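Take a look at the structure below.
Throughout, a chain's letter reflects where its sequence line sits, starting with A, and its residues are numbered from 1. Model, not experiment: these values are computed from the prediction.
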Protein chains: 2
Amino acid sequence: MTTLKLRILFDDAMLGPGKAQLLARIRDTGSISAAGREMGMSYKRAWLLVEEMNSAFRDPLVASARGGPGGGGARLTEAGEAVLSLYAEILDRARRATADQIALLEAMLRGGPDMSEGK
Amino acid sequence: MTTLKLRILFDDAMLGPGKAQLLARIRDTGSISAAGREMGMSYKRAWLLVEEMNSAFRDPLVASARGGPGGGGARLTEAGEAVLSLYAEILDRARRATADQIALLEAMLRGGPDMSEGK
DNA sequence: GTTAGATATGTTTCACGGAACATATCGACC
DNA sequence: GGTCGATATGTTCCGTGAAACATATCTAAC
(Lines give C-alpha, C1' and ligand atoms only; values in the text may rest on other atoms or scores of the structure.)
Protein backbone atom coordinates (compact mmCIF):
# COMPACT_ATOMS: atom_id res chain seq x y z
CA MET A 1 0.00 0.00 0.00
CA THR A 2 1.85 3.08 1.19
CA THR A 3 5.41 2.96 0.01
CA LEU A 4 8.51 4.88 0.88
CA LYS A 5 10.88 6.18 -1.76
CA LEU A 6 14.28 7.27 -0.75
CA ARG A 7 16.96 9.08 -2.66
CA ILE A 8 20.48 9.69 -1.50
CA LEU A 9 22.12 12.86 -2.83
CA PHE A 10 25.87 12.78 -2.67
CA ASP A 11 27.98 15.73 -3.65
CA ASP A 12 27.85 15.03 -7.34
CA ALA A 13 25.91 11.85 -7.76
CA MET A 14 22.67 10.43 -6.58
CA LEU A 15 21.27 7.03 -5.86
CA GLY A 16 17.56 6.37 -5.88
CA PRO A 17 14.98 3.68 -6.52
CA GLY A 18 15.57 3.60 -10.27
CA LYS A 19 19.28 2.90 -10.21
CA ALA A 20 18.90 0.45 -7.36
CA GLN A 21 16.27 -1.57 -9.14
CA LEU A 22 18.30 -1.47 -12.32
CA LEU A 23 21.25 -2.95 -10.46
CA ALA A 24 19.04 -5.72 -9.11
CA ARG A 25 17.71 -6.59 -12.55
CA ILE A 26 21.16 -6.61 -14.04
CA ARG A 27 22.24 -9.00 -11.34
CA ASP A 28 19.26 -11.24 -12.09
CA THR A 29 19.32 -11.12 -15.88
CA GLY A 30 23.00 -10.76 -16.58
CA SER A 31 22.26 -8.11 -19.17
CA ILE A 32 21.82 -4.34 -19.25
CA SER A 33 19.38 -4.50 -22.13
CA ALA A 34 17.28 -7.25 -20.54
CA ALA A 35 17.19 -5.36 -17.26
CA GLY A 36 16.10 -2.21 -19.07
CA ARG A 37 13.44 -4.07 -21.00
CA GLU A 38 11.97 -5.46 -17.81
CA MET A 39 11.71 -1.97 -16.41
CA GLY A 40 10.20 -0.57 -19.58
CA MET A 41 13.14 1.65 -20.41
CA SER A 42 15.27 1.85 -23.50
CA TYR A 43 18.68 0.23 -23.55
CA LYS A 44 20.08 3.70 -24.08
CA ARG A 45 18.67 4.96 -20.84
CA ALA A 46 19.64 1.86 -18.89
CA TRP A 47 23.16 2.07 -20.20
CA LEU A 48 23.32 5.76 -19.33
CA LEU A 49 22.37 5.05 -15.73
CA VAL A 50 24.97 2.32 -15.53
CA GLU A 51 27.53 4.73 -16.92
CA GLU A 52 26.66 7.29 -14.27
CA MET A 53 27.04 4.78 -11.50
CA ASN A 54 30.26 3.35 -12.81
CA SER A 55 31.85 6.76 -13.00
CA ALA A 56 30.50 7.96 -9.68
CA PHE A 57 32.04 5.19 -7.64
CA ARG A 58 35.71 4.47 -7.27
CA ASP A 59 35.25 0.96 -8.63
CA PRO A 60 32.66 0.24 -11.33
CA LEU A 61 29.46 -1.39 -10.13
CA VAL A 62 28.68 -3.15 -13.37
CA ALA A 63 31.13 -5.05 -15.54
CA SER A 64 30.03 -5.53 -19.12
CA ALA A 65 31.39 -7.54 -22.00
CA ARG A 66 30.75 -7.25 -25.70
CA GLY A 67 30.64 -10.07 -28.15
CA GLY A 68 31.01 -13.68 -27.23
CA PRO A 69 28.29 -16.24 -26.94
CA GLY A 70 24.99 -14.46 -26.52
CA GLY A 71 26.56 -11.28 -27.79
CA GLY A 72 27.85 -10.18 -24.47
CA GLY A 73 26.42 -9.47 -21.08
CA ALA A 74 26.83 -7.64 -17.85
CA ARG A 75 27.16 -8.57 -14.21
CA LEU A 76 27.51 -6.84 -10.90
CA THR A 77 30.98 -6.42 -9.53
CA GLU A 78 31.74 -6.91 -5.89
CA ALA A 79 31.26 -3.18 -5.43
CA GLY A 80 27.97 -3.41 -7.27
CA GLU A 81 26.71 -6.13 -4.96
CA ALA A 82 27.82 -4.10 -1.98
CA VAL A 83 26.07 -0.93 -3.11
CA LEU A 84 22.89 -2.80 -3.91
CA SER A 85 22.75 -4.55 -0.58
CA LEU A 86 23.59 -1.34 1.28
CA TYR A 87 20.77 0.44 -0.48
CA ALA A 88 18.37 -2.35 0.38
CA GLU A 89 19.45 -2.23 4.00
CA ILE A 90 19.06 1.56 4.09
CA LEU A 91 15.56 1.31 2.69
CA ASP A 92 14.61 -1.37 5.15
CA ARG A 93 16.00 0.47 8.14
CA ALA A 94 14.30 3.70 7.11
CA ARG A 95 11.01 1.91 6.69
CA ARG A 96 11.13 0.28 10.07
CA ALA A 97 12.32 3.42 11.81
CA THR A 98 9.41 5.47 10.47
CA ALA A 99 6.55 2.97 10.33
CA ASP A 100 4.71 4.43 13.30
CA GLN A 101 4.82 8.01 12.05
CA ILE A 102 3.76 6.97 8.57
CA ALA A 103 0.81 5.12 10.05
CA LEU A 104 -0.18 8.32 11.80
CA LEU A 105 -0.08 10.20 8.53
CA GLU A 106 -2.14 7.52 6.83
CA ALA A 107 -4.77 7.84 9.50
CA MET A 108 -5.18 11.48 8.60
CA LEU A 109 -5.86 10.84 4.93
CA ARG A 110 -9.23 11.42 3.40
CA GLY A 111 -11.07 8.20 2.72
CA GLY A 112 -8.56 6.57 5.00
CA PRO A 113 -9.32 4.68 8.16
CA ASP A 114 -11.33 5.86 11.17
CA MET A 115 -13.78 8.39 9.60
CA SER A 116 -14.36 9.41 13.22
CA GLU A 117 -16.62 7.55 15.60
CA GLY A 118 -16.32 6.75 19.21
CA LYS A 119 -15.56 3.11 19.81
CA MET B 1 27.01 17.35 2.41
CA THR B 2 25.24 14.13 1.59
CA THR B 3 21.53 14.57 2.03
CA LEU B 4 18.63 12.21 2.17
CA LYS B 5 15.40 12.88 0.31
CA LEU B 6 12.37 10.97 1.22
CA ARG B 7 8.99 10.71 -0.45
CA ILE B 8 5.95 8.97 0.92
CA LEU B 9 3.58 7.51 -1.65
CA PHE B 10 0.12 6.93 -0.35
CA ASP B 11 -2.57 5.30 -2.43
CA ASP B 12 -3.50 8.45 -4.29
CA ALA B 13 -1.39 11.19 -2.89
CA MET B 14 2.22 11.76 -2.15
CA LEU B 15 4.21 13.80 0.29
CA GLY B 16 7.79 14.78 -0.39
CA PRO B 17 10.38 17.45 0.31
CA GLY B 18 8.66 20.08 -1.83
CA LYS B 19 5.29 20.01 -0.14
CA ALA B 20 6.85 19.72 3.30
CA GLN B 21 9.04 22.74 2.77
CA LEU B 22 6.14 24.67 1.34
CA LEU B 23 4.14 23.97 4.47
CA ALA B 24 7.02 25.20 6.60
CA ARG B 25 7.31 28.43 4.63
CA ILE B 26 3.60 29.06 4.79
CA ARG B 27 3.76 28.62 8.54
CA ASP B 28 6.63 31.09 8.72
CA THR B 29 5.40 33.69 6.27
CA GLY B 30 1.64 33.45 6.72
CA SER B 31 1.17 33.58 2.98
CA ILE B 32 1.05 31.12 0.12
CA SER B 33 2.48 33.57 -2.35
CA ALA B 34 5.33 34.63 -0.07
CA ALA B 35 6.15 31.00 0.62
CA GLY B 36 6.17 30.28 -3.10
CA ARG B 37 8.35 33.29 -3.83
CA GLU B 38 10.91 32.16 -1.29
CA MET B 39 11.09 28.80 -2.98
CA GLY B 40 11.33 30.31 -6.43
CA MET B 41 8.03 28.96 -7.62
CA SER B 42 5.03 30.75 -9.05
CA TYR B 43 2.05 31.44 -6.86
CA LYS B 44 0.07 29.24 -9.18
CA ARG B 45 2.23 26.27 -8.51
CA ALA B 46 2.37 26.86 -4.77
CA TRP B 47 -1.37 27.16 -4.63
CA LEU B 48 -1.76 23.99 -6.66
CA LEU B 49 0.34 22.04 -4.20
CA VAL B 50 -1.66 23.42 -1.29
CA GLU B 51 -4.83 22.41 -3.10
CA GLU B 52 -3.52 18.87 -3.52
CA MET B 53 -2.67 18.58 0.14
CA ASN B 54 -5.93 20.04 1.33
CA SER B 55 -7.94 17.62 -0.73
CA ALA B 56 -5.79 14.61 0.08
CA PHE B 57 -6.23 14.86 3.81
CA ARG B 58 -9.47 14.59 5.70
CA ASP B 59 -8.98 18.04 7.20
CA PRO B 60 -7.30 20.82 5.22
CA LEU B 61 -3.70 21.52 6.14
CA VAL B 62 -3.74 25.15 5.10
CA ALA B 63 -6.46 27.67 5.85
CA SER B 64 -6.47 30.70 3.61
CA ALA B 65 -8.38 33.95 3.65
CA ARG B 66 -8.95 36.50 0.94
CA GLY B 67 -9.20 40.21 1.41
CA GLY B 68 -8.76 41.97 4.67
CA PRO B 69 -5.77 43.92 5.82
CA GLY B 70 -2.75 42.85 3.82
CA GLY B 71 -5.03 41.37 1.20
CA GLY B 72 -5.42 38.06 2.90
CA GLY B 73 -3.13 35.31 4.04
CA ALA B 74 -2.77 31.68 4.89
CA ARG B 75 -1.83 29.69 7.95
CA LEU B 76 -1.34 26.10 8.91
CA THR B 77 -4.26 24.36 10.56
CA GLU B 78 -3.76 22.00 13.45
CA ALA B 79 -3.69 19.17 10.91
CA GLY B 80 -1.12 21.09 8.91
CA GLU B 81 1.15 21.50 11.90
CA ALA B 82 0.76 17.82 12.68
CA VAL B 83 1.63 16.68 9.17
CA LEU B 84 4.62 18.98 9.00
CA SER B 85 6.01 17.83 12.31
CA LEU B 86 5.38 14.19 11.47
CA TYR B 87 7.25 14.60 8.22
CA ALA B 88 10.15 16.24 10.01
CA GLU B 89 10.24 13.45 12.52
CA ILE B 90 10.13 10.81 9.79
CA LEU B 91 13.03 12.45 8.00
CA ASP B 92 15.04 12.69 11.18
CA ARG B 93 14.41 9.10 12.19
CA ALA B 94 15.26 7.83 8.72
CA ARG B 95 18.48 9.80 8.71
CA ARG B 96 19.63 8.51 12.03
CA ALA B 97 18.62 4.95 11.28
CA THR B 98 20.67 4.87 8.07
CA ALA B 99 23.65 7.08 8.87
CA ASP B 100 26.11 4.20 9.15
CA GLN B 101 25.14 2.59 5.85
CA ILE B 102 25.20 5.92 4.07
CA ALA B 103 28.68 6.56 5.39
CA LEU B 104 29.73 3.22 3.93
CA LEU B 105 28.36 4.25 0.55
CA GLU B 106 30.15 7.57 0.75
CA ALA B 107 33.40 5.80 1.38
CA MET B 108 33.00 3.98 -1.91
CA LEU B 109 32.58 7.12 -3.97
CA ARG B 110 35.19 8.25 -6.41
CA GLY B 111 37.15 11.19 -5.12
CA GLY B 112 35.69 10.39 -1.75
CA PRO B 113 37.67 9.55 1.35
CA ASP B 114 40.38 6.89 1.72
CA MET B 115 41.85 6.64 -1.80
CA SER B 116 43.43 3.45 -0.48
CA GLU B 117 46.58 3.44 1.61
CA GLY B 118 47.70 1.42 4.54
CA LYS B 119 47.76 3.43 7.76
C1' DG C 1 34.39 -14.98 -42.61
C1' DT C 2 29.74 -14.92 -41.36
C1' DT C 3 26.29 -15.01 -37.80
C1' DA C 4 24.30 -13.55 -33.59
C1' DG C 5 23.22 -10.88 -29.73
C1' DA C 6 24.51 -7.57 -26.64
C1' DT C 7 27.22 -3.46 -25.61
C1' DA C 8 28.31 1.34 -26.90
C1' DT C 9 27.05 6.07 -28.63
C1' DG C 10 25.32 9.75 -31.49
C1' DT C 11 21.32 12.32 -33.32
C1' DT C 12 16.69 13.75 -33.75
C1' DT C 13 12.06 14.04 -32.29
C1' DC C 14 8.58 14.99 -29.06
C1' DA C 15 5.53 15.06 -25.07
C1' DC C 16 4.61 17.19 -20.89
C1' DG C 17 5.12 19.62 -16.63
C1' DG C 18 6.14 23.97 -15.29
C1' DA C 19 6.59 29.09 -16.43
C1' DA C 20 4.53 32.88 -17.88
C1' DC C 21 0.70 35.60 -18.60
C1' DA C 22 -3.91 37.10 -17.70
C1' DT C 23 -7.97 37.97 -14.68
C1' DA C 24 -11.33 37.74 -11.33
C1' DT C 25 -12.51 38.08 -6.53
C1' DC C 26 -12.46 39.15 -1.77
C1' DG C 27 -12.64 42.21 2.43
C1' DA C 28 -10.57 45.37 5.95
C1' DC C 29 -9.29 50.01 6.06
C1' DC C 30 -9.05 54.89 5.00
C1' DG D 1 -16.37 53.60 -2.83
C1' DG D 2 -11.58 53.27 -4.12
C1' DT D 3 -7.17 51.08 -2.89
C1' DC D 4 -4.30 47.30 -1.83
C1' DG D 5 -2.36 42.84 -1.44
C1' DA D 6 -3.29 38.25 -1.35
C1' DT D 7 -6.14 34.32 -2.81
C1' DA D 8 -8.23 31.79 -6.72
C1' DT D 9 -8.20 29.88 -11.57
C1' DG D 10 -7.92 29.64 -16.46
C1' DT D 11 -4.99 29.69 -20.70
C1' DT D 12 -1.01 29.82 -23.46
C1' DC D 13 3.85 29.27 -24.19
C1' DC D 14 8.12 26.82 -24.02
C1' DG D 15 12.46 24.37 -22.40
C1' DT D 16 14.15 20.14 -21.07
C1' DG D 17 14.66 15.41 -20.35
C1' DA D 18 13.15 11.14 -22.11
C1' DA D 19 11.82 8.37 -26.27
C1' DA D 20 12.72 7.03 -30.67
C1' DC D 21 15.65 6.07 -34.24
C1' DA D 22 20.03 4.94 -36.18
C1' DT D 23 24.57 2.74 -36.21
C1' DA D 24 28.88 1.05 -34.98
C1' DT D 25 31.49 -2.38 -32.52
C1' DC D 26 32.93 -6.49 -30.29
C1' DT D 27 33.90 -11.57 -29.85
C1' DA D 28 32.80 -16.52 -29.24
C1' DA D 29 31.23 -20.12 -32.00
C1' DC D 30 30.22 -22.47 -36.22
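Taking only side-chain atoms of A/Arg66, from C-beta outward, the nucleotide of C/dG18, C/dA8, C/dC26 with the closest atom is C/dA8. Which of D/dT7, C/dT7, D/dA19 sits closest to the side chain of A/Ile32 comes down to C/dT7.
Protein atom CE of A/Met39 is 13 Å distant from nucleotide atom P of D/dA18, rounded to whole Å. The CE-C1' distance, from B/Met14 to C/dG17, rounds to 13 Å in whole Å. In this structure, the OH atom of B/Tyr43 is 17 Å from the P atom of C/dA24, given to the nearest Å. Between the CZ atom of B/Arg45 and the P atom of D/dA8 there is a distance of 17 Å, given to the nearest Å. Between B/Leu22 atom CG and D/dT7 atom P there is a gap of 11 Å when expressed in whole angstrom units. Taking atom CH2 on A/Trp47 and atom C1' on C/dA8, their separation rounds to 6 Å, with Å as the unit. Between A/Leu48 atom CG and D/dA19 atom P there is a gap of 11 Å when expressed in whole angstrom units. Between the CE atom of A/Met41 and the P atom of D/dA20 there is a distance of 13 Å, given to the nearest Å.
Put simply, the side chain of B/Arg58 gets close to the backbone of A/Ala107: a donor and an acceptor are under 3.5 Å apart. Using a distance-only test at 3.5 Å, with no hydrogens or angles considered, a donor-acceptor pair links the side chain of A/Arg110 to the main chain of B/Ser55. A donor-acceptor distance shorter than 3.5 angstrom exists from the side chain of B/Thr77 to the backbone of B/Pro60, with no hydrogens or angles considered.
A/Leu86 CG to B/Ile102 CD1: the interatomic distance, rounded to the nearest 0.5 Å, is 10.0 Å.
Neither OP1 nor OP2 of D/dG5 sits under 4.0 Å from any side-chain N or O of B/Ser31. Between B/Ser64 and D/dA6 there is no side-chain N or O to OP1 or OP2 distance below 4.0 Å.
Residue side chain B/Lys44 reaches the base of D/dT11 through a donor-acceptor N/O pair under 3.5 Å, judged by distance alone.
For the side-chain contact (heavy atoms from CB on, under 4.5 Å) criterion with A/Leu9, the lone passing option out of B/Thr3, B/Leu4, B/Thr2 is B/Thr3.
Note on B/Ala34: nothing from the nucleic acid sits closer than 4.0 angstrom, heavy atoms only. Among the protein residues, A/Ser42 comes within range of no part of the nucleic acid, since none of its heavy atoms lies under 4.0 Å from any strand. Counting any heavy atom pair closer than 4.0 Å across all strands shown, A/Gly72 reaches sugar-phosphate atoms only and no base atom.
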